[in-house]
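Note: hydrogens, waters and symmetry copies are ignored here, and every other heavy atom, side chains too, is used. Proteins get letters first, then strands, A, B, ... in listed order; numbering begins at 1 in each.
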Amino acid sequence: MPELPEVETVRRQLAPLIRGAAVINARSHLSAKFTSASDAIGYTIASIDRRGKYLLVGLTNTTLESQPSNRELIVHLGMTGALYVDHAWPDDPYCRASWDFADGRTLWFRDIRRFGRVAVVPTGDHRSLPTLHHLGPEPFDPTLDGPRFHRSIAASRRRVKTQLLSQRPIAGVGNIYADEALWRARIHPGARRVGLARASALLNELRAVLLEALDNGGTTLRDYRTPDRSEGRNQFHLDCYGRSGRPCRRCATPLISRELDQRTTTWCPLCQAH
DNA sequence: CGGGGTTCCTGGCCGC
DNA sequence: TGCGGCCAGGAACCCC
């Protein structure tokens, strides 16, 4: 379940491998989620950025006959997506898209459950990806402070956890790091009102959790791998996610798990009381 | 346009 | 050993 730390780890490994590569061919799974992969043919990879959980691969037009127009290859890893660069790859039923480079190498997008997505769009035109189009600030955006984060949260009466997962108050947070940060900030995930002080604390804990996970190379629960096929190490540092029934590391009360807005959520019933 | 519900996917695991 | 049932869950999509 790649969230910001996992996607950023992938970005850092991938960037030096594919920057400057010229895409000469592409193939994809027949699902519309992947078929636009071929729109990258004829373009050269100029940059590899990230917004939230989206990888943004900058493409420069290298064909002489058409008007210069730059595009963007957008990859969302979904739940089980992974990217690899290789000269060849044995038949893999889970390869959903691939791009052949002029130098003989190929970029492979493997995604067992097909929750991922590939899109090629005119640079900056994110209208076909509404969550990206309306994406909130990056966690380490210096203009994101306690008051701004609080205003964003307070503008809606939805549960605070649901708001975090919406990507609107802050970009890149998924189920794991939402539960972890709420636990650290001692905020009930179902709270519909969060004051300025607690919102500021939540922002601080989100930043800490994401930074630590990034330092640990991300969280590998099952499928997450980096382009060099290594696993993350942050799964050994989780305090809350996946620990339902086990004692809270602060107060020893057994953590509980419930479905909140169709999302499994774990929290401490004592530390994170309403 | 916000909010709520539905859907897409498949491997792993559990119980019988 | 085989198999049905269930679970994980981001974000597009649809409807009110």
Seminar exercise, completed: Ranking dC9(B), dG12(B), dG4(B) by distance to the side chain of Ser31(A), first place goes to dC9(B)
Tell me the interatomic distance from [X], atom [atom1], to [N], atom [atom2], rounded to whole angstroms.
X         : N       : atom1 : atom2 : result
Met79(A)  : dA11(C) : CE    : P     : 11 Å
Leu221(A) : dG10(C) : CG    : P     : 12 Å
Arg168(A) : dG3(B)  : CZ    : P     : 9 Å
Leu30(A)  : dC9(B)  : CG    : C1'   : 14 Å
Arg243(A) : dA8(C)  : CZ    : C1'   : 19 Å
Asp223(A) : dT10(B) : CG    : P     : 13 Å
Leu77(A)  : dT10(B) : CG    : C1'   : 17 Å
Tyr241(A) : dC7(C)  : OH    : C1'   : 11 Å

Exercise. Does NZ or CZ of Arg186(A) come closer than 6.0 Å to the centre of the six-membered ring of Trp267(A), within 45° of the ring's axis?
Worked result: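 No.
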Exercise. Is NZ or CZ of Arg233(A) both nearer than 6.0 Å to the six-membered ring centre of Phe236(A) and within 45° of the ring axis?
Worked result: no
Exercise. Looking at DNA chain B, which of residues 106-135 of chain A put a heavy atom within less than 4.0 Å of it?
Worked result: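 Result for residues 106-135 of chain A: Ile112(A), Arg113(A), Arg114(A), Phe115(A), sorted by number.
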So, is [X] near the phosphate of [N], with a side-chain N or O under 4.0 Å from OP1 or OP2?
X         : N       : value
Arg263(A) : dG10(C) : yes
Lys33(A)  : dA11(C) : no
Ser156(A) : dG3(B)  : yes
Tyr224(A) : dA8(C)  : no
Gln262(A) : dG5(B)  : yes
His76(A)  : dG10(C) : no
Arg159(A) : dG3(B)  : no

Exercise. Is the Phe109(A) ring parallel, tilted or perpendicular to the Phe34(A) ring (thresholds 30°, 60°)?
Worked result: tilted
Exercise. Which comes earlier along DNA chain B counting from the 5' end, the contact point of His29(A) or that of Arg222(A), where each point is its nearest nucleotide?
Worked result: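 Comparing both residues, the 5'-ward one is His29(A).
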For this session: With heavy atoms under 4.0 Å as the rule, sort Glu3(A) into base, sugar-phosphate or nothing.
Result: nothing
For this session: Determine the contact category for Ser166(A): base if any of its heavy atoms lies under 4.0 Å from a base atom, sugar-phosphate if only primed atoms, P, OP1 or OP2 are that close, otherwise nothing.
Result: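 Since no nucleic acid heavy atom lies under 4.0 Å of Ser166(A), the category is nothing.
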Exercise. With a 3.5 Å cut-off and no angle check, do the side chains of Thr143(A) and Arg148(A) form a donor-acceptor pair?
Worked result: yes
Exercise. Counting only N and O atoms by type, is there a donor-acceptor contact under 3.5 Å from the side chain of Arg71(A) to the main-chain atoms of Asp39(A)?
Worked result: yes
Exercise. Does any N or O in the side chain of Glu6(A) come within less than 3.5 Å of the main-chain N or O of Glu3(A), such that one atom is a donor and the other an acceptor?
Worked result: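 Flag set: sc Glu6(A) to bb Glu3(A) pair under 3.5 Å.
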Exercise. Salt bridge check: are Arg263(A) and Asp261(A) linked by an N-O gap of less than 4.0 Å?
Worked result: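 Salt bridge absent between Arg263(A) and Asp261(A).
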Exercise. Salt-bridged, Arg249(A) to Asp239(A), with N to O below 4.0 Å?
Worked result: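 Answer for the salt bridge query: yes.
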